[in-house]
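Here's the structure we're looking at; comments come further down.
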Amino acid sequence: MNSVNTSQVPYMLAMDDLDPGELRASFGGFPSGVAALCAYVDEQPVGLVATSFTVGVSFEPPLVLFSIQHTSRTWLRLRAAPRLGVSILGRGQADACLQLASRTRDRFEGLELARTESDSILLGGASMWMECERHSEFTAGDHDVVVLAVTGIAAAEDTAPLIYHQSGLHPLETATGKRSRP
């Protein structure tokens, strides 16, 4: 059994009255990918950005998930789409991410979009694309957890993902190169 240097590990964790700002900053220290979830709803493009996106929830059937605040008006519109396009944003897409997350700008102006036969939207320049259907949804605190069934997938061989870490967007420098396949 390896010993742990206790001077580097806090033995008393604050449990009472967690400060929301401190909690957000601590959670922000965990890097995550950035996913754009988009589709046409009533012939209008609708999309949002999620940094709470998780792949590999299940391989049989293939499932992914994300969480979204109860207050999201965009999700209320987007959840009506039969399928969603999921684009895992690539290293050069920080500006596109901010645009898609904007509440005041046209979220899609000038972006390279591909419309699928089922009206989902995929973004050019991403590191991975999926088309998904809503599998299930449940309440978790002030968010909803949405599980999606993957119906199609493709990956860009040489595009590293964009990472959200400590309230900023960063390219993942070490993830370039051809992906290995079993």
Side-chain angles (χ1 to χ4, degrees), residues 24 27-28 32-157 159-164 167-171:
R24 184 178 300 270
F27 283 177
S32 62
V34 183
L37 295 95
C38 308
Y40 283 92
V41 178
D42 297 327
E43 289 302 312
Q44 296 295 315
V46 179
L48 59 85
V49 173
T51 58
S52 60
F53 193 84
T54 302
V55 298
V57 172
S58 169
F59 293 107
E60 190 56 45
L63 301 175
V64 296
L65 68 77
F66 71 100
S67 65
I68 187 80
Q69 288 182 334
H70 295 309
T71 57
S72 173
R73 293 181 303 220
T74 304
W75 176 240
L76 286 177
R77 291 185 58 214
L78 193 58
R79 71 190 308 267
R83 287 201 174 165
L84 301 174
V86 177
S87 301
I88 306 301
L89 298 183
R91 64 177 290 144
Q93 293 186 301
D95 288 341
C97 177
L98 296 174
Q99 181 176 335
L100 286 165
S102 175
R103 293 181 183 186
T104 59
R105 294 172 54 189
D106 179 335
R107 292 183 180 187
F108 295 94
E109 182 180 5
L111 297 181
E112 181 185 338
L113 307 177
R115 186 176 190 164
T116 71
E117 290 179 10
S118 59
D119 288 336
S120 63
I121 299 173
L122 302 172
L123 278 67
S127 65
M128 182 170 52
W129 303 270
M130 290 175 264
E131 191 167 49
C132 300
E133 297 175 342
R134 229 169 7 103
H135 178 275
S136 57
E137 192 171 336
F138 60 92
T139 300
D142 60 359
H143 280 61
D144 289 319
V145 175
V146 182
V147 180
L148 303 172
V150 178
T151 60
I153 191 166
E157 294 293 334
T159 302
L162 186 67
I163 301 297
Y164 181 78
S167 300
L169 298 166
H170 312 279

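Given the structure is predicted, the values throughout are model-derived calculations rather than measurements.
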What I'd like to find out is whether the side chain of Phe108 reaches to under 4.5 Å of the side chain of Cys38, using heavy atoms alone. yes
With distance as the sole test, does Arg107 use its side chain to make a donor-acceptor pair with the main-chain N or O of Ser102 at under 3.5 Å? yes
Would you check if Leu37 and Val146 make a side-chain contact, meaning some heavy-atom pair closer than 4.5 Å? no
Exceeds 12 heavy-atom contacts within 6.0 angstrom, atom CD of Glu133: yes
Heavy atoms only: give me the nearest Ala81-Ala39 pair and the separation to one decimal. CB-CB, 3.6 Å
Do other residues, nucleotides or ligands put more than 12 heavy atoms under 6.0 Å from Asp42 CG? no
Closest non-hydrogen atom pair between Met130 and Leu122, with its separation: O-CD2, 3.6 Å
Backbone of Leu63 reached by a side-chain donor or acceptor of Ser58 within 3.5 Å: no
Parallel, tilted or perpendicular: which one describes the rings of Phe66 and Trp75, with boundaries at 30° and 60°? perpendicular
Name of the residue among Val57, Leu148, Val55 meeting side-chain contact (heavy atoms from CB on, under 4.5 Å) with Leu65: Val57
Are the side chain of Ser127 and the backbone N or O of Ile88 linked by a donor-acceptor pair below 3.5 Å? yes
For Val145 against Ala140, the heavy-atom pair lying closest together: CG2-CB, 3.8 Å
When you measure from the side chain of Glu131 to the backbone of Arg83, do you find a donor-acceptor pair of N or O atoms at a distance under 3.5 Å? no
Quick one: does any side-chain atom of His70 pair with a main-chain N or O of Gly141 as donor and acceptor, under 3.5 Å? yes
Could you check whether any side-chain N or O of Gln99 sits under 3.5 Å from a backbone N or O of Asp106, counting only pairs where one atom can act as donor and the other as acceptor? yes
Exercise: identify the closest heavy-atom pair between Leu169 and Ala94: CD1-O, 3.8 Å
Write down the atom of Trp129, the atom of Ala155, and the distance for their closest heavy-atom approach. CZ3-C, 4.0 Å
Between Pro45 and Ile121, the two heavy atoms sitting closest are CB-CD1, 3.7 Å
